[in-house]
> 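Structure provided below as structure tokens; questions to follow.
Keep in mind that this is a model prediction, so the values were computed, not measured.
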Amino acid sequence: MEKVFIYDTTLRDGSQAEGVNFSLEDKLRILQKLDEFGIDYIEGGWPGANPKDTIFFERLKKYKPIHAKIVAFGSTRRPGKRAEEDPQLENLIKSGAKVITIFGKSWDFHVLEALKTTLEENLSMVYESVSFLKKHVEEVIFDAEHFFDGYKNNPQYALEVLRSALEGGADWIVLCDTNGGSLPHEVYEITKKVKEAFPEVNIGIHAHNDSDTAVANSLMAILAGARQVHGTINGIGERTGNANLCSIIPNLQLKMGYRAVPEENLKKLTELSHFVSEMSNMPLPKNMPYVGESAFAHKAGVHASAVMKHAGTYEHIDPALVGNKRKVTVSDLSGRSNILYKLREMGIEVDEKSPEVLKLLERIKELEKEGYHFEAAEASFELLCKRHFGLVRDYFTLDAYRVLIAKRSTDNLPVSEATVRLFVGDVKQHTAALGNGPVSALDRALRKALEEFYPNLKEVQLIDYKVRIVNESEGTGAKVRVLIESTDGNRRWGTVGVSENIIEASWIALADSLIYKLHKDEEEMESN
């Protein structure tokens with residue numbers, strides 16, 4: 001398998017995404033994960049551009065990479081200044097990085113309008129900067145900024161810029177679609193022309209996603225002769241983002257016959273994607289190819305039935321190759337196959353022709369018609385199935401609950417109070433609690449009644465609460481669906497409740513959340 005070198009710029013280009021702000025420790029942790037995964041080049045940032053990146057490279061002087069080459073990023077010298085006198089080039093050398101990437105203008109429009117200098121001076125800036133850096137470091141990579149736009153406007157000059165970098169000693173020339181406006185056929189044709197002009201040269205591709213073609217553009221550049229591909233984990237980056245390495249890497253390795261990362265590491269791709277999602281505080285889209293939660297999800301009954309017979313019917317690869325897994329969801333589109341698959345996941349073995357399976361399917365479809373939605377509430381779905389087969393015991397029985405909300409003119413905020421009466425076995429519990437809202441008060445009152453009997457409920461935290469209108473045409477009388485996400489520190493689970501009354505919908509989801517915790521803990525104890 002021919003090698004394609006993976007160049008990650010999550011810590012530099014990715015950090016320029018709106019809403020992303022990596023701390024110094026975040027950057028160090030991400031770098032370590034990328035290195036362990038087998039990324040060839042990791043661009044750490046622009047030393048001297050801000051204090052964080054300067055300190056980051058100081059810290060890296062003590063770091064011994066497992067696999068990756070750590071890269072410092074910067075620009076060519078300024079117009080009218082000698083390379084030896086340019087402080088930002090000096091900062092690149094001081095960073096201690098053995099590989100330096102600098103970008104330079106390759107679009108004549110940018111040279112004349114943005115830099116306000118001559119085309120000849122720009123060529124000198126590229127040549128002198130690369131030549132100066134090459135005397136101090138092992139490897140220099142030249143990013144030809146706006147190359148595809150520049151080539152379309154003035155191909156001769158764009159190629160002259162590349163020639164200047166190569167004459168200066170650049171080890172790689174990287175063709176950048178900086179505005180993200182090029183399409184795959186253009187990238188292929190232009191990269192091919194560059195390869196023909198410089199047949200022995202190492203070429204890379206750096207694509208942005210403004211036309212939603214960054215991954216396709218990167219793959220087409222590889223087909224045209226590029227052997228280094230730039231991108232970010234999850235495609236984060238300025239504007240609409242960079243080329244997504246989580247799609248590029250498996251496409252290269254599983255479908256195009258190239259070697260991108262060590263084969264045994266590819267199965268860590270989903271884990272890496274979710275790690276960077278957490279570190280960047282950028283939620284991972286469920287439908288992201290390869291690594292998303294729904295990448296191998298099957299909802300329609302026909303799909304689920306076929307996949308159970310042969311995975312290749314509706315899965316383009318084995319999910320395990322990238323560390324993901326198949327997911328069969330249940331909804332009003334489900335068939336018997338979906339239910340059987342989910343029951344087996346829960347350890348419930350039933351005859352597929354059993355009338356109980358059809359009864360359960362009909363019950364699910366009735367609830368979905370009422371507004372229930374089990375795709376985001378797998379805990380409620382599991383309880384529904386196990387209750388149907390008599391596998392969940394009654395941990396408590398509700399007698400009554402009441403919620404009061406009061407606000408006086410002198411109060412800044414309303415006061416919420418909940419009262420709960422229930423039975424645990426034959427023992428009657430009557431508790432009350434205050435909360436910063438009606439659901440909070442209800443949660444506290446319910447826990448107060450139960451924790452004496454089930455102390456493990458103290459581990460449960462509600463981490464998300466969502467309300468959706470089911471039938472918006474009914475106005476304030478509409479049904480609402482409440483989704484609650486909970487955790488005990490080890491597991492995360494979702495529960496759902498539906499009612500015309502938001503408190504009742506919340507109670508259903510809340511009660512299911514606590515019951516699910518008790519049931520799963522009981523299952524674990526029995527299995528041990």
Side-chain angles (χ1 to χ4, degrees), residues 2-16 22 27-47 53 56-57 59-61 63-75 92-93 95-104 130 133-134 136-145 147 165 169-178 201-208 214-215 218-219 221-222 226-237 242-249 252-253 258-262 265-266 268-269 272 276:
E2 190 177 354
K3 173 66 178 171
V4 170
F5 293 87
I6 305 300
Y7 183 111
D8 181 277
T9 180
T10 302
L11 300 178
R12 202 270 305 172
D13 238 351
S15 70
Q16 293 171 198
F22 294 127
K27 293 188 69 165
L28 290 166
R29 289 181 67 191
I30 292 170
L31 180 135
Q32 188 173 355
K33 282 280 187 182
L34 294 171
D35 187 18
E36 290 170 355
F37 182 67
I39 297 294
D40 299 298
Y41 294 86
I42 302 173
E43 193 173 81
W46 190 330
D53 281 359
F56 176 73
F57 278 97
R59 293 277 293 272
L60 285 183
K61 288 177 181 178
Y63 179 75
K64 293 183 179 179
I66 300 168
H67 174 86
K69 295 179 179 180
I70 311 301
V71 185
F73 178 84
S75 172
L92 290 172
I93 295 166
S95 71
K98 294 179 180 178
V99 182
I100 291 175
T101 295
I102 58 166
F103 72 91
V130 172
L133 293 173
K134 188 62 181 169
H136 295 87
V137 294
E138 295 176 5
E139 199 171 342
V140 176
I141 298 170
F142 177 70
D143 277 3
E145 191 186 28
F147 180 79
D171 297 278
W172 291 88
I173 51 171
V174 178
L175 314 181
C176 302
D177 187 29
T178 312
V201 167
N202 294 321
I203 298 172
I205 177 69
H206 180 114
H208 285 255
V215 170
S218 300
L219 299 179
I222 298 299
R227 288 297 178 268
Q228 184 183 103
V229 60
H230 292 208
T232 61
I233 301 300
N234 300 332
I236 62 172
N242 288 51
N244 185 0
L245 290 178
C246 293
S247 294
I248 290 172
I249 291 171
L252 286 173
Q253 195 140 324
Y258 293 102
R259 179 166 50 88
V261 297
N265 289 359
L266 191 59
K268 301 175 185 175
L269 183 65
L272 174 64
V276 172

> Below 4.5 Å, heavy atoms only, C-beta onward: do Ile233 and Leu34 meet side chain to side chain?
yes

> Any side-chain to backbone donor/acceptor pair from Asp35 onto Ile66? Under 3.5 Å, distance only.
yes

> Find the distance between CG (Leu269) and CG (Leu245) and round it off to the nearest 0.5 Å.
9.0 Å

> Give the intermediate values and the outcome of side chain to side chain contact (heavy atoms under 4.5 Å, CB included) for residues Asn242 and His230.
CA-CA 8 Å; Asn242 288 51; His230 292 208; over 6 Å; no

> Using a 4.5 Å cut-off on heavy atoms from C-beta on, say whether the side chain of Asp171 contacts that of Lys134.
yes

> Just so I know, are the side chains of Leu31 and Tyr63 near enough to count as touching, which here means a heavy-atom distance under 4.5 Å?
yes

> List the residues meeting salt bridge (charged side-chain N to carboxylate O under 4.0 Å, His left out) with Asp53, not counting sequence neighbours, and say none if there are none.
Lys27

> What residues form a side chain to side chain contact (heavy atoms under 4.5 Å, CB included) with Ala214, not counting sequence neighbours?
Ala207, Asn209, Ala243

> Before giving the answer on side chain to side chain contact (heavy atoms under 4.5 Å, CB included), spell out for Leu252 and Val229 the whole-Å C-alpha distance, their side-chain angles and the decisive distance to 0.1 Å.
CA-CA 10 Å; Leu252 286 173; Val229 60; 4.2 Å; yes

> Check Ala165 against Val130 and note the closest heavy-atom contact, atom names and distance.
O-CG1, 3.6 Å

> Using only heavy-atom distances, determine whether the side chains of Asp13 and His206 contain a donor-acceptor pair under 3.5 Å.
yes

> State the CG-CG distance between Leu272 and Asp8, to the nearest 0.5 angstrom.
8.0 Å

> How close do Asp143 and Cys176 get, counting heavy atoms only, and between which atoms?
CB-SG, 3.7 Å

> Atom CD1 of Ile100 and atom CD of Glu138: how far apart are they, to the nearest 0.5 Å?
11.0 Å

> Heavy atoms only: give me the nearest Phe57-Ala97 pair and the separation to one decimal.
CE2-CB, 4.2 Å

> Looking only at non-hydrogen atoms, find the nearest pair between Asn244 and Cys246 and report the distance.
OD1-N, 2.9 Å

> Are Arg227 and Glu2 close enough, and set up right, to give a side chain to side chain contact (heavy atoms under 4.5 Å, CB included), and what steps lead you there?
CA-CA 9 Å; Arg227 288 297 178 268; Glu2 190 177 354; 2.7 Å; yes

> Using the side chain to side chain contact (heavy atoms under 4.5 Å, CB included) rule, take Gln228 and Ile141 through it: C-alpha gap first, then chi angles, then the decisive distance, then the call.
CA-CA 11 Å; Gln228 184 183 103; Ile141 298 170; 4.0 Å; yes

> Can you name the one residue among Phe73, Phe142, Phe147 that meets ring pair (Phe, Tyr, Trp, His ring centres under 6.0 Å) with Phe103?
Phe73

> Are the side chain of Thr232 and the backbone N or O of Ile236 linked by a donor-acceptor pair below 3.5 Å?
yes

> If you round to the nearest 0.5 Å, how far is OH of Tyr258 from CG of Leu219?
10.0 Å

> With a cut-off of 3.5 Å and sequence neighbours excluded, list every side-chain donor-acceptor pair involving residues 36-47.
residue	atom	partner	partner atom	Å
Glu36	OE2	Gln32	NE2	3.4
Asp40	OD1	Lys3	NZ	3.3
Asp40	OD1	His67	NE2	2.9
Asp40	OD2	Lys3	NZ	2.9
Asp40	OD2	Ile6	N	2.8
Tyr41	OH	Glu139	OE2	2.5
Tyr41	OH	Trp172	NE1	3.4
Glu43	OE1	Thr9	OG1	2.6
Glu43	OE1	Arg12	NE	2.8
Glu43	OE1	Arg12	NH2	3.3
Glu43	OE2	Tyr7	OH	2.3

